[in-house]
A.B. asks: 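One structure, pasted below without further comment.
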Amino acid sequence: MTSVTAVTQERIPFARSVVGAEAVEAVAEVLASGWLTTGPQVAAFEEEFAGWAGAEHAVAVASCTAGLELSLRSLHLRRGAPVLVPTITFCGAVNAILHAGLRPVFVDANPETLIPDADATARAVARRGKPAAMMALHFAGHPAPVAETASAAGLGLDRVVEDAAHAAGTIAGGRPVGALSAATCFSFYATKNLAIGEGGMVTTNLADVADYTRRCRLHGISRDAWQRSRPGSAWRYSVDERGLKANMTDMQAAIGRAQLRRFHEYQARRADIVARYDLGLAGIPGLRLPARPAQGGHAWHLYVVRVLPEFGAYRDELIAELDARGIECSMHFIPNHQQPYYRKLLGRETDPRLFPGAEAAGQQALSLPLYPALRDDQVDRVCEAVADVARSRRGNGKRNPAAATVPAPEK
């Protein structure tokens, strides 16, 4: 029966990018202009995004990961200084800390939000000592308690970098995420709420952070090619910092500007899908729906459910069952303290006993499809499939023995 269903029904992808006709036209205009790299479109996108985020400055970069590294480097911390980072985050955030010459210190997740809270932060500080900085993640689009965790770490907000890869549209403290800490880094990857394909943005109210990021995104050069090409401009430049190749192109910025104009439309559709999921999945035993923020607003980049023992199947078994029915899912994220490279690098600091919240989430969390192009009938089909798996597993009592175990950390 399952194989017939998989063949006869269209597959529902986990993610699908939506790019409007305005974006296509904008790219065509850039191509016709003869200026393809960082130029007037990037400058305009930065100005518009800064206004949208309520920040004084916005600097376009090649990716959120590059933005995180440059933001950390702008703080001018001593080499090897400890930086708190959620263990439940994308590995790129941890690598950004390492590339900035700093040392990651993993923080456990709150079992409800999957985001570090003040208690988890305080435990990490007690274990490792006061950090030099902190990276906060607005996981799935849920606002992170940035001020509370910074206080628990003994840090001012000028030593916090926010990872807002999931947070375009997140509301915290009555305003959009983007202007609270030293720097906030957004992602425009193909699956994100504001999708370009690749690219990122760093927002800040600190002029020195913006100036440093702007110089270092292009090799540390004082004046980029667009600035040097303007009528009457000198061709000379200086290299003032050890920079990266991390600039955004005008083609990317043109797409971003068009997508920004349709952003509220996209967000409204995400909210409708979430409401439909809530209704269709309510009451399924052993399935915990996503946490809602007590204050602020969720951007709904991801719809993350938890598959508990009462469900009747392990998370990975549910993923396999849904895949057989033509429904693609994902998992965000494999806790980084379980990753071989970080275990070798950090040793005892990755002991799984230090991260009970993340350990449980690592075996239970499941991200269902969520994107503006997802149709109502497809949402209903996902809900019906999840409910069907739960019924069939509980009905026959079938469940595989144990989930995979995590090996002990390196000494």
Side-chain angles (χ1 to χ4, degrees), residues 50 52-58 64 67-68 71-72 74-77 81-89 93-94 96-97 102 104-187 201-210 213 290-301 357-358:
W52 176 82
E56 293 292 329
H57 310 278
C64 183
L68 292 170
S71 297
L72 288 168
S74 77
L75 303 182
H76 304 292
L77 306 175
V83 176
L84 299 181
V85 62
T87 187
I88 295 184
T89 189
V94 186
I97 295 172
L102 306 169
V105 176
F106 292 132
V107 184
D108 196 18
N110 176 284
E112 295 296 324
T113 65
L114 307 188
I115 298 171
D117 56 21
D119 290 341
T121 302
R123 291 196 300 271
V125 172
R127 181 178 81 241
R128 186 63 175 77
K130 183 178 177 179
M134 182 183 83
M135 188 181 290
L137 171 68
H138 301 279
F139 176 76
H142 189 294
V146 177
E148 293 88 339
T149 50
S151 178
L155 296 170
L157 291 172
D158 62 346
R159 286 294 175 267
V160 176
V161 171
E162 293 176 68
D163 182 347
H166 297 176
T170 297
I171 303 296
R175 60 184 297 173
V177 164
L180 177 65
S181 59
T184 304
C185 303
F186 294 87
S187 173
M201 190 75 75
V202 178
T203 59
T204 181
N205 284 342
L206 303 177
D208 57 339
V209 170
T213 304
R292 267 48 175 186
Q295 297 179 330
H298 202 304
W300 294 115
H301 170 56

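Because only heavy atoms are used, hydrogens play no part in the values below, and waters and symmetry mates are left out as well, while side chains stay in.
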A.B. asks: Kindly indicate whether the side chain of L84, heavy atoms from C-beta on, has any atom under 4.5 Å from the side chain of V105.
C.D. replies: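 Yes, their side chains come closer than 4.5 Å.
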
A.B. asks: Is the shortest heavy-atom distance from the side chain of C185 to the side chain of D163 under 4.5 Å?
C.D. replies: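 C185 does not reach D163 side chain to side chain.
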
A.B. asks: Could you pull out all residues at least two apart from A182 that satisfy side-chain contact (heavy atoms from CB on, under 4.5 Å)?
C.D. replies: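 Checked A182 against side-chain contact (heavy atoms from CB on, under 4.5 Å); matches are L75, L206.
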
A.B. asks: Determine the minimum heavy-atom distance between F106 and A124, stating which atoms define it.
C.D. replies: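 Nearest pair, atom of F106 first, then A124: O-CB, 4.1 Å.
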
A.B. asks: Enter the distance from T149:OG1 to N110:CG here, rounded to the nearest 0.5 Å.
C.D. replies: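 The CG atom of N110 is 11.5 Å from OG1 of T149, to the nearest 0.5 Å.
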
A.B. asks: Which residues pass the side-chain contact (heavy atoms from CB on, under 4.5 Å) test with S74, sequence neighbours left out?
C.D. replies: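 side-chain contact (heavy atoms from CB on, under 4.5 Å) list for S74, sorted by chain: V209, Y212.
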
A.B. asks: Return the set of residues passing side-chain contact (heavy atoms from CB on, under 4.5 Å) with P176 (not counting sequence neighbours), or none when no residue passes.
C.D. replies: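 side-chain contact (heavy atoms from CB on, under 4.5 Å) list for P176, sorted by chain: I171.
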
A.B. asks: Could you list the residues that satisfy side chain to side chain donor-acceptor pair (under 3.5 Å) with R292, not counting sequence neighbours?
C.D. replies: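 With neighbours one apart ignored, the set is D278.
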
A.B. asks: Enumerate donor-acceptor pairs with a distance under 3.5 Å from any side-chain N or O in residues 128-139 to protein atoms, sequence neighbours excluded.
C.D. replies:
from	atom 1	to	atom 2	distance (Å)
K130	NZ	G154	O	3.1
H138	ND1	A144	N	2.9
H138	NE2	E162	OE1	2.7

A.B. asks: Under the rule for side chain to side chain donor-acceptor pair (under 3.5 Å), what residues qualify as partners of T87, not counting sequence neighbours?
C.D. replies: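 H337.
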
A.B. asks: Can you name the closest pair of heavy atoms from V125 and A153 and give their distance?
C.D. replies: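 Heavy atoms of V125 and A153 come nearest at CG2-CA, 3.8 Å.
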
A.B. asks: Checking H301 now: which residues fulfil side chain to side chain donor-acceptor pair (under 3.5 Å) with it, not counting sequence neighbours?
C.D. replies: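 Side chain to side chain donor-acceptor pair (under 3.5 Å) check on H301 returns N193.
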
A.B. asks: Sub-3.5 Å donor-acceptor pair from the side chain of T203 to the main-chain atoms of G178, do we have one?
C.D. replies: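 It does hold such a pair.
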
A.B. asks: In Å and rounded to the nearest 0.5 Å, what is the NE2 to CG distance from H57 to D208?
C.D. replies: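 Reported to 0.5 Å precision, the distance equals 8.5 Å.
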
A.B. asks: Can you list every pair that meets salt bridge (Lys or Arg N to Asp or Glu O under 4.0 Å) and has a residue in residues 109-127, with sequence neighbours left out?
C.D. replies: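 Applying salt bridge (Lys or Arg N to Asp or Glu O under 4.0 Å) to every pair that reaches into residues 109-127, excluding sequence neighbours, yields D108-R123, E112-R288.
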
A.B. asks: Any idea which heavy atoms bring G67 and V202 closest together, and the distance?
C.D. replies: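 For G67 and V202, the tightest heavy-atom pair comes out as CA-CG2, 3.6 Å.
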
A.B. asks: Show the nearest heavy-atom pair for residues V107 and P116, with the distance to one decimal.
C.D. replies: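 In this case the closest contact between V107 and P116 is CG1-CB, 3.7 Å.
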
A.B. asks: Provide the closest heavy-atom pair for S181 versus T184 in the form atom of the first, atom of the second, distance.
C.D. replies: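 Shortest heavy-atom contact: OG-OG1, 3.7 Å.
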
A.B. asks: For the residue pair A179 and N205, what are the closest heavy atoms and their distance?
C.D. replies: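 The pair with the smallest heavy-atom distance is O-ND2, 3.3 Å.
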
A.B. asks: Any side chain to side chain donor-acceptor pair (under 3.5 Å) pairs touching residues 164-175, not counting sequence neighbours?
C.D. replies: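 Residue pairs passing side chain to side chain donor-acceptor pair (under 3.5 Å), neighbours aside: none found.
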
A.B. asks: According to side-chain contact (heavy atoms from CB on, under 4.5 Å), who are the partners of P293, at least two apart in sequence or on a separate chain?
C.D. replies: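 In terms of side-chain contact (heavy atoms from CB on, under 4.5 Å), with neighbours along the sequence ignored, P293 is linked to H142, P143, H298.
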
A.B. asks: Roughly how far apart are L72 CG and I97 CD1, rounded to 0.5 Å?
C.D. replies: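 Answer for the CG-CD1 pair, L72 versus I97, is 6.0 Å.
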
